[in-house]
A.B. asks: 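A single structure is presented below for examination.
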Amino acid sequence: MYSNMLVNCSNCRTPLQLPPGAGSIRCALCHAVTLIGDPRALPSQPPASTHAPPPPSSPYSHAPPPPNPHGRKKAVIVGISYRFSRHELKGCINDAKCMKYLLINKFSFPESSIIMLTEEEDPHGPKFPTKHNIRMAMYWLAQGCQPGDSLVFHYSGHGSQQRNYSGDEADGYDETLCPLDFETQGMIVDDEINAALVRPIPHGAKLHALIDACHSGTVLDLPFLCRMNRSGQYVWEDHRPRSGVWKGSSGGEVICFSGCDDHQTSADTSALSKITSTGAMTFCFIQAIERGHGATYGSILTAMRTSIRNVGGGGGGTGGGDVVTSLLSMLLTGGSLSGVGGLGQEPQLTACEAFDVHRKPFSL
């Protein structure tokens, strides 16, 4: 049927589904418009075969997991160390491995439905964390999303900002993620991340994003930001663009934990685990879950902020003896002695819709 026809974007080659009778289609990733000939002028289809055609090739070694009555669980985990460069980070691949372990062992994500993009992968393969591969992984994650599905996107690496000229950002800057090749290929901007990951999520499905990067507070461009003080009191900020462009989902639930506010930087430190470098946000998120603070979104956010504030201050003991520290011992790759003292960052929570953070149960 013509209504199911797939065409490749004329710019980034992403597969696009063509609406019935459409003469053009715009790519949600790169925004290029691909022109299509008049559908009535398309060549006639060959007679139906008794053998089903092979499915389209996937950029990854496996297709999305098949649907089941309880919904699918899928995840994309990105960890970039920028090794051998002046931008090098020490803890990002540790973060990626720890997050994979948590999803499989705590939240029952099938290992076959988790895509890892790190520098430990084949430099010429689809799982090396280049801009193109991260884009394709985001597309894979949201592709075919159905009610009941639970998706996770985790990123540990550099984040940045660039000037916004549309007037849609309250502070005048777009937030960005920095792929391994960002110096030559450019950064991935929050508008693109929103189009790829947020807007496709349908009613009954959910996406959780965990972004351990600088300037990451609103990197998914979600409409609402939770401002919480040290007493646990909170208020939602309305970050909907002045232009009226909808930045929410297609009815689904999208919630993002970010490492810091848009104007802050995130730490890559050994002060939390005491044994090796990790991203502060990723460590504190896993620690909150393992210590039993994962009942609600409010309890997770409060526990994360308390752990980060207590670094170097003797308040609460964020180091040895925890399940997460034992996990890091298994993954030990060498540490850094940087990062002692207060980390000067505040994890943030953003969402498609405002809700009571202390009452809403957390689940992946």
Side-chain angles (χ1 to χ4, degrees), residues 75-79 91-92 95-96 98-103 106-107 109 138 141 150-157 159 175 177 190 193-194 197-198 201 206-229 232 234 236-237 239 249 252-269 272 278-309 318 324 343 345-358 360-364:
V76 167
I77 299 174
V78 183
C92 297
D95 289 343
C98 288
M99 185 56 60
K100 180 180 179 181
Y101 184 95
L102 183 79
L103 292 180
K106 193 75 174 182
F107 295 104
F109 275 64
M138 291 192 297
L141 185 62
S150 176
L151 314 179
V152 171
F153 179 75
H154 176 264
Y155 174 91
S156 180
E175 284 63 54
L177 301 180
D190 52 10
I193 300 167
N194 182 275
L197 288 180
V198 177
I201 307 302
K206 59 186 174 182
L207 166 73
H208 285 88
L210 297 103
I211 311 296
D212 201 342
C214 297
H215 310 294
S216 55
T218 62
V219 73
L220 261 67
D221 256 2
L222 295 175
F224 297 97
L225 170 72
C226 179
R227 292 287 186 198
M228 181 184 288
N229 64 20
Y234 69 92
W236 287 97
E237 282 184 359
H239 279 247
S249 68
E253 184 177 350
V254 181
I255 297 171
C256 178
F257 287 94
S258 300
C260 60
D261 209 342
D262 286 342
H263 67 278
Q264 294 178 321
T265 57
S266 285
D268 184 46
T269 179
L272 286 158
T278 65
M281 178 267 185
T282 299
F283 183 97
C284 291
F285 176 82
I286 296 175
Q287 185 182 66
I289 299 298
E290 295 289 1
R291 286 185 168 183
H293 299 300
T296 68
Y297 290 91
S299 63
I300 294 174
L301 192 60
T302 299
M304 292 171 65
R305 290 184 167 193
T306 299
S307 292
I308 287 178
R309 288 175 187 140
T318 55
V324 66
L343 297 180
Q345 65 183 85
E346 289 283 352
Q348 301 292 329
L349 182 72
T350 51
C352 273
E353 296 180 356
F355 55 84
D356 187 332
V357 297
H358 294 302
K360 186 176 179 63
F362 170 79
S363 66
L364 292 182

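Predicted model, so just to flag it, every value in this text is computed and none were measured.
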A.B. asks: Taking side-chain hydrogen bond (donor to acceptor under 3.5 Å, both in side chains) as the test, write out the residues that go with Lys360, two or more places apart.
C.D. replies: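 Per chain and number, Lys360 pairs via side-chain hydrogen bond (donor to acceptor under 3.5 Å, both in side chains) with Glu253.
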A.B. asks: Quick one: does Asn194's side chain have a donor or acceptor within less than 3.5 Å of a partner on Leu220's backbone?
C.D. replies: yes
A.B. asks: Is there a side-chain contact between Pro347 and Ile308 in this structure, where contact means two heavy atoms from C-beta onward sitting under 4.5 Å apart?
C.D. replies: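 A side-chain contact exists here, since the closest heavy-atom pair is under 4.5 Å.
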A.B. asks: How would you list, by chain and number, every residue that makes a side chain to side chain contact (heavy atoms under 4.5 Å, CB included) with Ala288, sequence neighbours excluded?
C.D. replies: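 Result, side chain to side chain contact (heavy atoms under 4.5 Å, CB included) vs Ala288: His293, Ile300, Ala303, Met304.
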A.B. asks: Looking at Trp236 and Arg227, would you say the former's side chain and the latter's main chain have a donor-acceptor pair under 3.5 Å?
C.D. replies: no
A.B. asks: Can you tell if the side chain of Leu177 reaches within under 4.5 Å of the side chain of Val78, non-hydrogen atoms only?
C.D. replies: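 Answer no - side chains too far apart.
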A.B. asks: Run the side-chain hydrogen bond (donor to acceptor under 3.5 Å, both in side chains) test against Thr282 and tell me which residues pass, sequence neighbours left out.
C.D. replies: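 For Thr282 the side-chain hydrogen bond (donor to acceptor under 3.5 Å, both in side chains) partners, ignoring immediate neighbours, are His154, Asp212.
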A.B. asks: Should Asp95 and Phe283 count as side-chain neighbours, where that means a heavy-atom distance under 4.5 Å?
C.D. replies: no
A.B. asks: Quick one, Thr296 and Pro361 - any side-chain contact, counting heavy atoms below 4.5 Å?
C.D. replies: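 No, too far: nothing below the 4.5 Å cut-off.
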A.B. asks: Looking only at non-hydrogen atoms, find the nearest pair between Leu103 and Ala75 and report the distance.
C.D. replies: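 Nearest heavy atoms, Leu103 then Ala75: CD1-CB, 3.6 Å.
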A.B. asks: Which value, rounded to the nearest 0.5 Å, describes the distance between Leu222 atom CG and Ser249 atom OG?
C.D. replies: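 Between atom CG of Leu222 and atom OG of Ser249 there are 9.0 Å.
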A.B. asks: I need the Gln348 CD to Leu301 CG distance, nearest 0.5 Å.
C.D. replies: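 Output value for this atom pair is 7.5 Å.
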A.B. asks: Is there side-chain contact between Met281 and Leu210, with at least one heavy-atom pair below 4.5 Å?
C.D. replies: yes
A.B. asks: Please step through side-chain contact (heavy atoms from CB on, under 4.5 Å) for the pair Ile211 and Cys256, ending with a clear verdict.
C.D. replies: CA-CA 7 Å; Ile211 311 296; Cys256 178; 3.8 Å; yes
A.B. asks: Listed by chain and number, what are the side chain to side chain contact (heavy atoms under 4.5 Å, CB included) partners of Glu353, not counting sequence neighbours?
C.D. replies: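 Expected list: none.
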A.B. asks: State, to 0.1 Å, how close Val357 and Met228 come at their nearest heavy-atom pair, and which atoms those are.
C.D. replies: CG2-CE, 3.8 Å
A.B. asks: Is any side-chain heavy atom of Leu364 less than 4.5 Å from a side-chain heavy atom of Phe109?
C.D. replies: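 They are in side-chain contact.
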A.B. asks: Any idea which heavy atoms bring Ala213 and Gly157 closest together, and the distance?
C.D. replies: CB-O, 3.3 Å
A.B. asks: Quick one: list whatever passes side-chain hydrogen bond (donor to acceptor under 3.5 Å, both in side chains) with His208, sequence neighbours left out.
C.D. replies: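 Applying side-chain hydrogen bond (donor to acceptor under 3.5 Å, both in side chains) to His208 gives Tyr297.
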A.B. asks: Do you know which two heavy atoms are closest between Leu349 and Leu225, and how far apart they sit?
C.D. replies: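 Taking every non-hydrogen atom into account, O-CD1, 3.6 Å.
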A.B. asks: How far does CD of Glu290 sit from CG of Leu102, to the nearest 0.5 angstrom?
C.D. replies: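 If I round to the nearest 0.5 Å, the distance is 6.0 Å.
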A.B. asks: State, to 0.1 Å, how close Ser307 and Gln287 come at their nearest heavy-atom pair, and which atoms those are.
C.D. replies: OG-OE1, 2.8 Å
A.B. asks: Give the intermediate values and the outcome of side-chain contact (heavy atoms from CB on, under 4.5 Å) for residues Val152 and Leu207.
C.D. replies: CA-CA 6 Å; Val152 171; Leu207 166 73; 5.9 Å; no
A.B. asks: Report yes if the side chains of Ile289 and Lys106 come closer than 4.5 Å at any heavy-atom pair, otherwise no.
C.D. replies: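 Sidechains of Lys106 and Ile289: in contact.
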A.B. asks: What's the shortest heavy-atom distance between Ser299 and Gly294, and which atoms?
C.D. replies: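 Distance-wise, the nearest heavy atoms are OG-C, 4.2 Å.
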A.B. asks: Taking side-chain hydrogen bond (donor to acceptor under 3.5 Å, both in side chains) as the test, write out the residues that go with Asp356, two or more places apart.
C.D. replies: Tyr234, Arg359
A.B. asks: Would you say that Phe224 contacts Thr350 through its side chain, given a criterion of any heavy-atom pair below 4.5 Å between the two side chains?
C.D. replies: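 No, too far: nothing below the 4.5 Å cut-off.
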A.B. asks: By salt bridge (Lys or Arg N to Asp or Glu O under 4.0 Å), which residues pair with Lys206, not counting sequence neighbours?
C.D. replies: none
A.B. asks: To the nearest 0.5 Å, how far apart are CD1 in Ile193 and CE in Met138?
C.D. replies: 5.5 Å
